[in-house]
Each structure stands twice: as structure tokens, then as C-alpha cells.
Amino acid sequence: MDTKVINVQADFPILNQQVNDERLVYLDNAATAQKPLVVTESLDKFYHTDNANVHRGVHTLAERATAAYEAARSKVKNFINANEAAEVIFTKGTTDGLNMLASTYGEQNIHEGDEIVISIMEHHSNLIPWQQLAIRKHATLKYIGLTAEGELDLVDAAAKITNRTKIVSIAHASNVMGTINPIKELANLAHEVGAIIIVDGAQAIPHIAVDVQKLDVDFYAFSGHKMMGPTGIGVLYGKHELLDQMNPYQFGGEMIDFVYQQKSTWTQLPWKFEAGTQNIAGAIGLGTAVDYLTDIGMESVAQHEQQIVDYLLPKLVADDAIEVYGPKNPQKHSGVIAFNLKGIHPHDLATALDMEGVAVRAGHHCAQPLMEYLGVVATARASFYLYNTKEDVDSFLNALTETKEFFNHGTSKAK
Ligand SMILES: Cc1ncc(COP(=O)(O)O)c(CN[C@@H]2CONC2=O)c1O
């Protein structure tokens with residue numbers, strides 16, 4: 001499939017600035033992505049011309065706001081190829097969606113002795129909800145390990161997913177290891193034993209095409225802010241029949257059919273899970289981000305990032321002063337690259353890079369069990385998106401060289 005050359009920096013005014021008298025090079029996209037003008041303009045338009053509460057008013061603005069909100073839902077439905085818009089629940093983000101599942105599906109279906117299987121590379125948002133559920137229910141939480149290459153160990157997965165497993169919950173892409181996990185295979189392993197599969201899609205949905213029906217996942221959670229949408233909006237996709245069985249997550253306006261003094265009945269999907277006034281503007285902004293990505297094409301986004309990784313990763317791997325985590329093969333590594341400069345604390349490294357205008361993340365990345373598994377306390381992390389360029393990569397590499405010299409570090413082999 002032919003892909004467009006991506007040249008979108010002009011859509012992101014935030015990128016056109018100096019930091020510490022150097023050109024900003026923003027490489028912290030795994031934390032949050034920058035927003036194109038069309039997204040912020042869609043928020044302005046809503047608040048300046050269409051703002052009203054949704055689903056309840058019969059006046060013109062309420063109808064316009066409702067139409068825009070539900071149009072956003074339809075855009076997301078098409079973007080992930082859900083079977084119907086009712087399977088798209090707006091949430092606050094990935095964390096909210098995963099907690100919703102643990103508090104509803106989990107509470108209703110996990111019992112003493114049952115097993116929940118996740119992986120050691122999970123973000124805390126896809127670890128703690130299951131850990132606390134297992135504690136509450138006297139169930140068992142098991143972790144799938146990694147191969148020597150730093151990928152998910154499918155042999156270990158097959159050994160740990162058994163007829164005692166009720167839930168498998170896995171990141172589609174790691175926010176540390178730069179791996180894309182074999183979700184279709186894991187879905188098959190889960191379904192073969194009668195378990196469901198939940199996917200944390202936070203680091204995948206912005207970067208690769210996701211087809212929830214082709215993957216045959218039961219639930220898929222992601223955040224708007226990582227795919228150039230506003231913060232505070234996200235999506236939980238779920239198969240209709242499973243969402244139907246779940247108790248509401250929160251109670252209040254919007255989500256009811258009828259409220260009597262001593263009992264209440266609930267409305268239909270998706271609104272059963274959208275209690276109270278929702279993040280209407282956020283949903284509209286997310287819908288605009290979906291349009292923006294769809295216009296560019298996810299194939300083009302993926303190829304653009306692959307070109308960056310193909311160019312950068314071998315240089316980092318070849319440098320004896322640098323430890324790279326995750327697969328060393330660029331074809332198996334996403335645009336999230338965790339690394340350390342040997343002997344230098346990642347916070348000091350990130351501070352030094354910031355002095356050169358380069359923004360990377362440093363810390364445990366809300367993946368402390370993974371840090372322990374890797375034998376490190378923290379790492380630095382550079383993460384790329386469609387608006388990053390080869391010039392950004394060269395600036396990053398130059399800043400790394402400057403930083404190594406600043407810390408009087410050994411010279412690297414790679415030039
Ligand atoms: C894999 C993964 N899952 C869940 C989350 C939680 O998403 P929300 O915060 O939107 O609910 C994140 C956030 N990524 C963190 C945030 O900052 N840096 C990171 O790597 C993530 O990377």
C-alpha cells in the first residue's frame with residue numbers, strides 16, 4: 001500500500017519554539033502527544049458556537065451538541081472497526097477504562113481460586129486494578145515473562161493461560177520495551193480456555209491500525225491524549241454481549257431508564273456506562289484527532305515511525321556507552337525506545353538533554369515490576385510520533401554526544 005510522506009510540523013505550532021535557547025525536539029510522545037491546530041480549533045468551535053449539554057435538551061444548541069458528541073462516537077467506531085457505536089464507551093482515558101472493567105466485569109466474574117493473567121511489561125494502570133481485584137477476591141494474579149530479546153514470551157503465555165484463567169489483560173504495545181504484542185494469538189489462547197482478553201491499547205492506537213473485530217478482543221481501552229486528542233477523554237471498546245452483562249460503573253444522570261424510590265433500571269448501551277455530564281468537548285476533539293489520523297492514514301504513520309526507528313536504533317545499539325531495552329532488531333521495535341547512558345542516572349541524562357532542547361522521559365514509566373525484572377531502577381525513554389523528523393533524530397543524537405562529553409563519558413564506537 002503506498003503511503004504519504006508525512007510533513008505536518010506546521011500543524012503543531014507548539015513545536016516551533018526554543019527551549020534553553022535550542023530548537024525544541026519533543027520526544028516524549030509516549031507520555032502525551034501534541035495537538036494539531038484542527039483539534040484545538042474544534043474545541044474552540046464547540047465552546048464558541050455549539051456548547052450545550054447532550055441528550056436531554058430539545059433546543060437547537062442541545063441538538064447540535066448531541067449530534068457532534070455522537071458523531072465523535074461513530075468516528076471512533078469506524079476507526080477501530082467496532083461492530084456498532086454502542087460498543088464504544090467514552091471514558092476519561094485508559095486508566096479509567098481498565099478500572100471500570102476491574103470494578104464491573106471483574107467484580108462480577110472473578111471468584112476465589114480464579115486466575116488473572118497479565119504480563120511483566122504492564123503499565124501500572126493495567127496491573128494494579130487486577131492486583132487489587134485478585135486480593136479482594138482471593139484470586140491469583142500471574143505474569144507472563146519476556147524472551148531474551150525482550151519480547152512477550154508466548155511459550156510462557158501458553159503455560160500460564162489455563163482453564164483456571166478467567167481474564168487475560170495485556171498491553172498491545174509496551175510503553176517501555178518498544179514491543180507490539182501478538183494480541184490475536186493471545187486472544188486465541190484466552191478464548192480456548194473460556195477466558196476473556198482485555199487489551200490496553202494506549203501505546204498502540206496512536207501508531208498502528210487497530211481492528212478490534214479482526215483481533216477478536218473482548219475489550220480494548222485507550223486514551224485520547226496519546227493520539228493527539230485532548231486529555232480527559234478515552235474509549236473503552238467492549239463486545240456488546242459482554243457490556244450488556246456488566247453492572248454500571250457509576251450511577252447518576254444519563255445512565256438510567258427509570259428511578260423508583262427503592263430500585264432503578266438502566267438505559268441501553270453505551271449510555272449505561274456514561275453517568276453524569278460527560279467530557280463533551282473532549283469527545284469532539286478526539287473525533288477530530290481521529291479524522292486527522294484517518295486523513296494521513298495509519299499505514300503512513302506506522303511507516304514514518306519505522307523509518308525513524310530504522311535510522312536511530314542501530315546507532316544506539318552500536319554505542320557501548322548506551323544500554324537499550326527491548327528488541328535490538330528495528331523491525332521488532334516500536335517508536336518507544338527506553339535506554340540508559342551507562343553510569344549516568346536517567347534523570348541527570350534527561351536534564352542534560354533538556355539543556356539541549358531535547359525532551360525525553362526519565363523514570364520507572366509506571367512500570368516498576370518491569371524495572372525490577374530488567375534489573376534497573378529507572379530508564380530514559382525517547383518516544384516518537386508522526387511530526388518527528390530525521391532532523392529531530394540527528395538533534396537527539398548530537399545532544400547525546402554533548403551529554404556524554406559533559407559527563408566525560410567514554411567515546412562511542414558508532415559515528
Ligand atoms: C501502556 C500504557 N497503559 C496505560 C497508560 C495510562 O494512560 P492514561 O494515563 O491516559 O490513563 C499509559 C500511559 N503512559 C504513561 C503516561 O506518561 N508516560 C507513560 O508512559 C500507558 O503507556
Side-chain angles (χ1 to χ4, degrees), residues 26-35 76 89-103 118-132 143-144 146 150-152 168-181 183 186 197-208 210 217 219-237 249 279 282-283 285-286 289 305 325-326 333-339 346-347 350 359-371 373-374 376 378-385:
Y26 182 77
L27 306 182
D28 194 18
N29 295 286
T32 197
Q34 300 302 346
K35 321 307 172 189
V76 172
I89 314 292
F90 282 125
T91 64
K92 294 199 288 290
T94 308
T95 304
D96 189 30
L98 294 167
N99 276 277
M100 182 189 294
L101 287 175
S103 302
I118 63 175
S119 84
I120 194 60
M121 67 170 80
E122 300 308 317
H123 182 279
H124 291 163
S125 299
N126 193 37
L127 187 157
I128 303 170
W130 308 117
Q131 176 195 77
Q132 298 303 308
Y143 291 79
I144 301 168
L146 307 183
E151 296 183 284
L152 193 83
V168 176
S169 194
I170 298 283
H172 196 164
S174 168
N175 69 319
V176 176
M177 302 305 285
T179 50
I180 308 278
N181 292 323
I183 294 302
L186 290 163
I197 182 161
I198 296 165
V199 178
D200 167 358
Q203 295 294 346
I205 204 82
H207 305 283
I208 58 174
V210 170
V217 296
F219 296 99
Y220 196 101
F222 58 92
S223 301
H225 70 93
K226 297 193 190 288
M227 54 185 287
M228 302 180 286
T231 50
I233 190 74
V235 169
L236 175 67
Y237 157 80
Y249 180 40
N279 183 355
L286 173 57
E305 293 181 26
Y325 303 95
H333 206 121
S334 75
V336 175
I337 302 176
F339 65 100
H347 283 127
V360 299
R361 177 56 60 103
H364 55 63
H365 314 294
C366 298
Q368 287 178 304
L370 176 60
M371 295 293 114
Y373 186 92
L374 295 173
V376 296
T379 79
R381 183 189 68 188
S383 49
F384 298 85
Y385 208 3

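Whatever order the structure lists ligands and atoms in, that order sets their numbers, starting from 1.
Considering only residues two or more places apart in sequence or on other chains, H333 meets the side chain to side chain donor-acceptor pair (under 3.5 Å) condition with none of them. For the ring pair (Phe, Tyr, Trp, His ring centres under 6.0 Å) test, residues two or more places apart in sequence or in another chain that qualify with H364 are H124.
In this structure, M177 and L152 have side chains that are not in contact, with every pair of non-hydrogen atoms separated by 4.5 Å or more.
If you check the side chains of S223 and T94, you find a donor sitting under 3.5 Å from an acceptor.
Sorted by first then second residue, the side chain to side chain donor-acceptor pair (under 3.5 Å) pairs that include residues 224-236, not counting sequence neighbours, are T32-H225.
Of the listed residues (L27, N175, V176, D28), just one forms a side chain to side chain contact (heavy atoms under 4.5 Å, CB included) with S383, and that residue is D28.
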I'd like the atom pairs linking ligand 1 to the protein - N or O on both sides, separation under 3.5 Å - with distances to 0.1 Å.
residue  : atom   : partner : partner atom : Å
ligand 1 : 3 (N)  : D200    : OD1          : 3.2
ligand 1 : 3 (N)  : D200    : OD2          : 2.6
ligand 1 : 10 (O) : S223    : OG           : 2.6
ligand 1 : 10 (O) : H225    : NE2          : 2.7
ligand 1 : 11 (O) : T95     : N            : 3.0
ligand 1 : 11 (O) : T95     : OG1          : 2.6
ligand 1 : 14 (N) : K226    : NZ           : 2.7
ligand 1 : 18 (N) : R381    : NH2          : 3.2
ligand 1 : 20 (O) : N175    : ND2          : 2.9
ligand 1 : 20 (O) : R381    : NH1          : 2.7
ligand 1 : 20 (O) : R381    : NH2          : 3.4
ligand 1 : 22 (O) : Q203    : NE2          : 2.7

